[in-house]
Amino acid sequence: MKEYDHKKIEAKWQKIWEKAGIYKSRENAKKPKKYVLDMFPYPSGDGLHVGHPKGYIATDVFSRHARMQGHEVLHPMGWDAFGLPAENFAIKNKMHPRKAVERNIKRFKEQLKMIGLDYDWSREINTTDPDFYKWTQWIFLKLYEKGLAYESYEPINWCPTCQTGLSNEDLEGNACERCGTIVEKRPMRQWILKITDYAERLLEDLALLPQWQEHIKESQRNWIGKSEGAEIDFPLEFQTKDGPKPNYLILHGWYKESSSGAFIPWLKTTLMAKGFDVQAPDLPNPETPMEVEQVNKVLENCTINEHTIIIGHSLGGTVAMKVLEKINKPIAGLVLVAPAMNPSVPGAKSRPFWKTFDWNIDYKRIKRLAGFVAVLCDLQEGEPRVPYLRDIASKLEVSLTEGDARERHFFGREEPMILSAITAHLTVFTTRADTLYGAIYLVLSPEHPWITLAIDKNHDVLKNKEEVKKYVVKASKKTEIERQENKDKTGIKLEGIEAINPATREKIPVYVADYVLANYGTGAIMAVPAHDERDFEFAKKFDIPIKEVIEPLSIQMTDTDALRPDLPLEDRNGVAAVVKHWEKNEYLCLSWKQQPIRAFVTGGIEPQEDPIETAKREIEEETGYMSAELVKPLGGRVHAQFYTVAKGKNRFGHYIPLLFKLKDSTRQEVSEYEKNQHDATWVKADEVAKFINRGDMLEVWNRVKGEVVYTGKGILANSGEFDGLDNEQAKSKITEVFGRKKTTFKLRDWVFSRQRYWGEPIPIIHCGKCGIVPVPEKDLPVKLPDVKNYKPTGTGESPLAAIEKWVNVKCPKCKGKAKRETNTMPQWAGSSWYYLRYMDPENKKALVSAKKEKYWAPVDLYVGGAEHATRHLIYARFWHKFLFDIGLVTTLEPFTRLISVGLIQAEDGRKMSKRYGNVINPDDIVEKYGADTLRVYEMFMGPFTDAIAWNTNSMIGARRFLERVWRLQEKCRTSDVLHGDIEKLLHRTIKKVGEDIEAFKFNTAISSMMIFVNAAEKGGITTQQYGTFLKLLAPFAPHMAEDLWVASGEKKSVHISPWPLYDDAHLHDEIVTMVVQVGGKVRGQMQVSASIAEDEARSQAEKLVSKWLEGKRVVKVVFVPKRLINFVIAD
RNA sequence: GCCGGAGUGGCGGAAUGGUCUACGCGCACGACUCAAAAUCGUGUGGGCGCAAGCCCUUGUGGGUUCAAGUCCCACCUCCGGCACCA
C-alpha cells in the first residue's frame, strides 16, 4: 500500500478538477438550483489565517453535498476590494491601491485554491472592476431618481484619522470602527441614502426569515429601534419686544365648494377664541378660478401687515404666494397647506385652474418677505404630490412638515396639524403619554432648531440669550466620549419663555440640556421626573419638585396567590405601615403562614376610619407593639392585584404607605387568630428588600429609601379625568386627546459619501444652471481616474477634487460648464448587491438578466461573520428591497438562510492577530498535514457557530482519522459474509451525515464517520461499503476521497456521483437494550425483541431486578417501548 | 440598565423528557521495538470499598414529572448586541 501522501494527492486532484470544470455552474432548468454564498472577503495584505477559511469550508461541504444530491450549485467567490482598509494599506506600503489590491487578490486566491474549495472561478467578481461598479453606480442613479438619495449639510460623524465622514453603522460606540479614533461632529456636504423609508419593512420582513439566527435578527431589531409613542404639542408663551399679536389670513383652496366647508370655520373659531384677528375671505369663482380675480379680491378686501400670517390651502397656497409677490411687503409668516401642483409636474391631474394661473413663482422673494415659512404635506397623498412639496419646501429653504391629515388633503372638519403649524409651540416625542400630567418642564437638545433660532442675533425672545449661546457652543465642543463617560446632567433654563402643558394648562419652564439627543424623536422631550430616571437626575440637580402621576401596580402572577383569571376583582382600601425599631436600624415585617407572602403590616380601612388610626390599630393587632408614632406619610398609594387564599377571592388592594417608628418596646399579647396568620420579624434595613417578596410592598420600601422614580405599570393619579385608569389605557386615551400617534426609529439615514479616493465615484454632475444632474446611464461607468496623489485631503474634499481634467465636464442637460461630484461611495456599496452579479457576471446590458435572476435567486444559504449583522446585512436588505420595488429582482429578501461563523481564536484564547504574534498560517498546516486534515479539523472543532480556540494538538485527531480511512482500503473484502451490523451502521451513518450537513452540525457528522471507521476496522468492510463511505467523506476530505474512489476503479469523479440513499429497514433494530429502573434508578439492562409486549417485558424485568423489588410495594409500572421499564415503588 | 445566547470530565464537546459524559484530544497501562516515535489493544467523571457493590454528579436554590442537562420559577457567572433613543 502506498503511504498517504497528502501533498501529491492534493496538488494532483486540484489540477484535474480545474481542467475538467466539474464545479462550473450552469443554468440547468432540469435541475433544482442551490445558491450557496460566502461573504466575500476584503483582500487584506496579511493573507489568510486559519480562522478565515472556516466559513468557506463549511459552504464547500454544504455545496458539495448539494451537488451530489442532484442540485445545480452556484458557489462563487469574489473580492470586496474598495474602501478604507485597501487604501490605507496602499498608502502605508507606498503602492497604488489598484496594484495593492491586485497583489493581495492573487495571494488570497492561491491560498483559497490550496484548500480545495469548489468555487466556480469563472464567475469571480471584483467590486473595483469598472464593469462591476458601473452597476453600483447605476443603482445609485435609480435611488436618486426615486428620491432615495439626497444631498444634505447636516453635521455628520467625521473620523480625523481616516479623514472621512462615516455612517452610524461605521461606528463602534463613539469610535471609528476601523481605527478606533473617537469621531467628531462636522457639518459638510453629504450624499445620504434614505434607508429610513425602508425601516418599517426592514423590521417587518424579518418575520419572513425563519432560517436566520435569532441573535442576528434581534441585533437588527435593536438597530432599527422602532418605538411607538406620541407627539404632543406644547404651546409656547413669550413676549416679543414690539407687542402686537399676529393676525391670520386664511385662503381656501376648494374650487368646487364654498369656504364654509372643511376646516376653515373650525380654524377661524379656534384662533378667534385665542384672541387673534382672523380674515377668511370667500374667493370668487371657486369652480373656475382665475388668478387675477382671486388675488385682486384679497388685495382689495383684506388688511395685510407685518404681523399677518397667511395660510393658504391647496390652490389658496398659490393665491397666497401671488398675493405676497404683489404686495411685496414683509409679513409675519406664510403657511402652505398642501399647495396646488404646478401642471408641468409629471403625473399631476388636470385641473380647471391650470390655464388661468401663472405658475412662475419667485420663491426667493417669497422667502425674503415671509418671517417664517412652513409647508404642510399630507403623507396619505403619496406620489407625485409628496416629492413635489418636498421640492417646493426646499426652494423655500425649509424642511417639509409631514404628517397624516384627519382627511386626505386636509379636507377634515378639524385639522390640528394646521393649528400647531401656525401657533408657536414645541413638539415632543414620548412613549409615555400616560405621564403627561406629570410633565413639569420641557427640555430641548442644544441643536434643536428652535434654540438655533432663539440665539440668533436677530431674535430677542430669550432673556439669557448669551448664557444659552455659551452652553450650546460648549455642548457642541464636548466630545462624544465626554458625553458618554460623564453622564452628569447639565443644562440651562430658557428665561423669558414658558410652555403650557396641554393637559394641566399649567405654565412650565423650558430647558436646554445635552442629555436630549437632537436626532431622535423631535429633539425635544417633556420631562417627567417622577417616572423617568434621566429626568429625575436632571430635576434633582435643578431642584425641581417632582409630581407623581402613576401609582405602582403589581399583579401577582405566580405562586398560590396568583390572580385567578376567572374570578372578579374586589376593591379594598388599606394602609401599608412600615414600622421602624425603637433603637436599631431594623423594620417590622410579617411572613404569612397560609400564603408565601412576606410584607409589611397591612390592613383594610374601616368606614369612617382615619388611615393613620387604621395603621396604628393594625400594628397593635398584628404585632402587639403599642407605641407606634407616625413619622410621615410616604405619599400616594400603591396597588396590588392578587388572590387571597383565606377568603378565596381576587383582591385589588389600594394601600396608603405610611412610615412609623416605635417609641419603645411596649407590647401586648397577640391573639391566637393573628398568631396563626403570620409571624412578625425584625429585619435589618439592608435586608428588607431581599426579605419582602411582593411588588407593591417593595415599592413602599423604595419610598422609605427615597427611591421615588417609578417606571413600571400603574394606576393614574393627579391626572384629572384620567385618574384611576390603568396606564396602558391612559396612554392611548391621552394620546388621542392631546397628541397624535407617532412611530420613531433609531435607524438613521445612511451617510453615503466618503471623502476618499478608493471608492466608486458618485455619478452626479453639479451644474451652475441646472443644479444636480445625474450622469446619463449611457455614460456609465464613471471611472475612477488614475492619479499620483490619492492621499486624503482632510478638508472634507476628496482627493478627486484636485484632478481638474476629471472634475470639469459639460453639463449633460445644458452643455454648459459643470463639475463632477468628487465624493466616493462607502465600502458597503458594492457588497450591498454583489450576490446578484454572480448570477450573470458577464452581462453588459443589465445588472442581471431577468432569466438568470429567476433561476438562481434567492441565495439559499449565506455564511459569514456575525459582525455584519447591523452593517452589510441591513444595507444589502435595503438595496434588495429597493431593487424589488423597481422590478429588478423577484424576491422580497436576498438571503433565505443565514448562518454566522464562530470565530477561531488563537491557542492562547485571544483573537488571532499579528499584533499578538499568535497567528496560525493555513499554508503551514496544509504543507505539514494537508488541506483535508485542515478541513476535517475545522469542521470537527465544535459547533459551527461557536467561538473555539485553535489547538494543533487536537488537530492530530483529524489527521489520524484520515490515515485510518486510508489504511482501511487494504482491509476491504469483496464478499459480504461479514458482520451484518456494519451494513446497518453504514445506513445510519448515511442518514446522520446527510442530515447533519443540512443542519450545519459538521462536528457530529464527522463523529459519526469516526464511529463507522472504528467499527469497520474491527468488523471488516466490503469494497462496496467502503465506496459508499467515501461518498460521505467526499465533501469533507475531497482530495483523499477522490483518490481512493478512483483507485477503487471508478471512472468519474466522486464529487459528481450521486449521494447514497439509506434504507429505512436498516435503521431499526430487532433486538434492543432496555433499561430497567426501580424507583427511577437504573438497576439493570436486558436484551429483548424490539416488539416485546409490555407483560412479557415486565415479567423478565421483575426477575432481573428482584433484588431491589424485595419487600417493596410496586405502585405503578412505566413502560416505554424499546427504551425502558420503570417500577415505581411506594416509600 | 435593556434585549439575546450559553454554563456538562483535565480540555474541545455529544445527548427526540427515558442508561449523562458519544466522538476527539490528553493521560495511564499493555503489545510491537535494543530504545524512542508511529501504530495497535485496554482503561479513564468524583467519593467510599480488597471486591461484589454503594453513594454523589450537567453553575446555585426551588418546583412539575414514574423519570429533568432538557420543562417552569428565582438567582449567580460568562459571552454577544444596544445604550442619556424619551
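Throughout, a chain's letter reflects where its sequence line sits, starting with A, and its residues are numbered from 1. No hydrogens, no waters, no symmetry mates; every other heavy atom, side chains included, goes into these values.
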When we call it a touch if two heavy atoms are under 4.0 Å apart, what does A/Arg964 touch: a base, just sugar-phosphate, or nothing? sugar-phosphate
Using the side-chain heavy atoms of A/Asn953, tell me which of these nucleotides is nearest: B/A86, B/A67, B/C25. B/C25
P spacing across the pair B/C48 / B/C32, given as an integer number of angstrom: 35 Å
Please give me the minimum heavy-atom distance between A/Ile550 and A/His531, naming the atom from each residue. N-NE2, 3.0 Å
Give a yes-or-no answer on whether the side chains of A/Thr522 and A/Glu231 include a donor-acceptor pair shorter than 3.5 Å. no
Applying the 3.5 Å cut-off to both distances, the Watson-Crick or G-U partner of B/U16 turns out to be none
Please classify the nucleic acid contact of A/Asn1014 as base, sugar-phosphate, or nothing, using heavy-atom distances under 4.0 Å. sugar-phosphate
Rounded P spacing from B/A36 to B/G47 in Å: 31 Å
Would you mind pulling out the nucleotide paired to B/C50, Watson-Crick or G-U wobble, both distances under 3.5 Å? none
Salt bridge or not between A/Glu200 and A/Lys226? Use side-chain N to carboxylate O under 4.0 Å. yes
Would you mind classifying the nucleic acid contact of A/Ile525 as base, sugar-phosphate or nothing, using non-hydrogen atoms under 4.0 angstrom? base
Between A/Asp1069 and A/Lys1122, does any side-chain N to carboxylate O distance fall below 4.0 Å? no
I want to check something: taking the side chain as every heavy atom from C-beta on, are A/Thr435 and A/Asp532 in contact at a cut-off of under 4.5 Å? no
N/O to N/O distances under 3.5 Å, protein versus nucleotides 75-82 of chain B:
{"from": "B/C82", "atom 1": "O2'", "to": "A/Lys746", "atom 2": "NZ", "distance (Å)": "2.9"}

Answer with base, sugar-phosphate or nothing: what part of the nucleic acid does A/Gln1085 contact at a heavy-atom distance below 4.0 Å? base
When all nucleic acid strands are considered with a 4.0 Å heavy-atom cut-off, which category describes A/Arg960: base, sugar-phosphate, or nothing? sugar-phosphate
So does A/Arg960 pair up with A/Glu963, basic N to acidic O under 4.0 Å? no
By the Watson-Crick or G-U definition, both distances under 3.5 Å, B/U64 is matched with none
Any base atoms under 4.0 Å from A/Trp1108, or only sugar-phosphate, or nothing? Heavy atoms, all strands. sugar-phosphate
Before giving the answer on salt bridge (charged side-chain N to carboxylate O under 4.0 Å, His left out), spell out for A/Glu938 and A/Lys54 the whole-Å C-alpha distance, their side-chain angles and the decisive distance to 0.1 Å. CA-CA 6 Å; A/Glu938 293 208 357; A/Lys54 184 176 166 191; over 6 Å; no
Partner of B/U58 under the Watson-Crick or G-U wobble criteria, both distances under 3.5 Å, comes out as none
Would you mind pulling out the nucleotide paired to B/G43, Watson-Crick or G-U wobble, both distances under 3.5 Å? B/C27
Quick one: on RNA chain B, does A/Phe745 or A/Arg1083 contact a more 5' nucleotide (nearest heavy atom)? A/Arg1083
A/Tyr520 side-chain N/O to B/A86 phosphate OP1/OP2 under 4.0 Å: yes
On a whole-Å scale, what distance lies between the P atoms belonging to B/C27 and B/U21? 23 Å
Among the nucleotides B/G18, B/C55, B/A86, whichever has the atom closest to the side chain of A/Gln1077 is B/G18
Gap in Å between the two P atoms, one belonging to B/G5 and one to B/A74, rounded: 15 Å
Lys/Arg N to Asp/Glu carboxylate O, A/Arg1098 vs A/Glu1102, below 4.0 Å: yes
With rounding to the closest Å, how many angstrom separate the C1' atoms on B/G69 and B/U8? 7 Å
Separation of B/G24 atom C1' from A/Met939 atom CE, nearest Å, is 15 Å
Given the C1' atoms of B/G18 and B/A68, what is the spacing between them in whole Å? 10 Å
Indicate yes or no: does A/Lys713 engage A/Asp434 in a salt bridge with an N to O separation below 4.0 Å. no
From the options A/Val1118, A/Val1105, A/Val1082, A/Val1128, select the one residue that forms a side-chain contact (heavy atoms from CB on, under 4.5 Å) with A/Gln1077. A/Val1082
5'-most contact on RNA chain B: A/Glu1017 or A/Ala958, nearest heavy atom basis? A/Ala958
Report the nucleotide, chosen from B/G18, B/G24, B/A86, that has the shortest atom-to-atom distance to any side-chain atom of A/Leu517. B/A86
Salt bridge present between A/Lys731 and A/Glu728 (N-O < 4.0 angstrom): yes
A/Thr1073 has a side chain; which of B/G24, B/G18, B/U19 sits nearest to it? B/U19
Say we look at B/A83 and B/G9: how far apart would their C1' atoms be, to the nearest angstrom? 39 Å
Checking N1-N3 plus N6-O4 or O6-N4 for Watson-Crick, or N1-O2 and O6-N3 for wobble, each under 3.5 Å, the partner of B/G80 is B/C3
Give none if B/U70 has no partner; otherwise give the nucleotide forming a Watson-Crick or G-U wobble pair with it, both distances under 3.5 Å. none
Show the distances under 3.5 angstrom between N or O atoms of the protein and N or O atoms of nucleotides 6-16 of chain B.
{"from": "B/G12", "atom 1": "O2'", "to": "A/Met941", "atom 2": "O", "distance (Å)": "2.5"}
{"from": "B/A14", "atom 1": "OP1", "to": "A/Asn1003", "atom 2": "ND2", "distance (Å)": "3.1"}
{"from": "B/U16", "atom 1": "O4", "to": "A/Arg1123", "atom 2": "NE", "distance (Å)": "2.5"}
{"from": "B/U16", "atom 1": "O4", "to": "A/Arg1123", "atom 2": "NH2", "distance (Å)": "2.9"}

For B/G4, glycosidic torsion class - syn if within 90° of 0, otherwise anti: anti
How would you label the contact of A/Arg748 with the nucleic acid (heavy atoms, under 4.0 Å): base, sugar-phosphate, or nothing? nothing
Regarding A/Trp223 and A/Glu169, do their side chains bring together a donor and an acceptor under 3.5 Å, going by distance alone? yes
Over all strands shown, is A/Ser227 touching base, sugar-phosphate only, or nothing at heavy-atom distances under 4.0 angstrom? sugar-phosphate
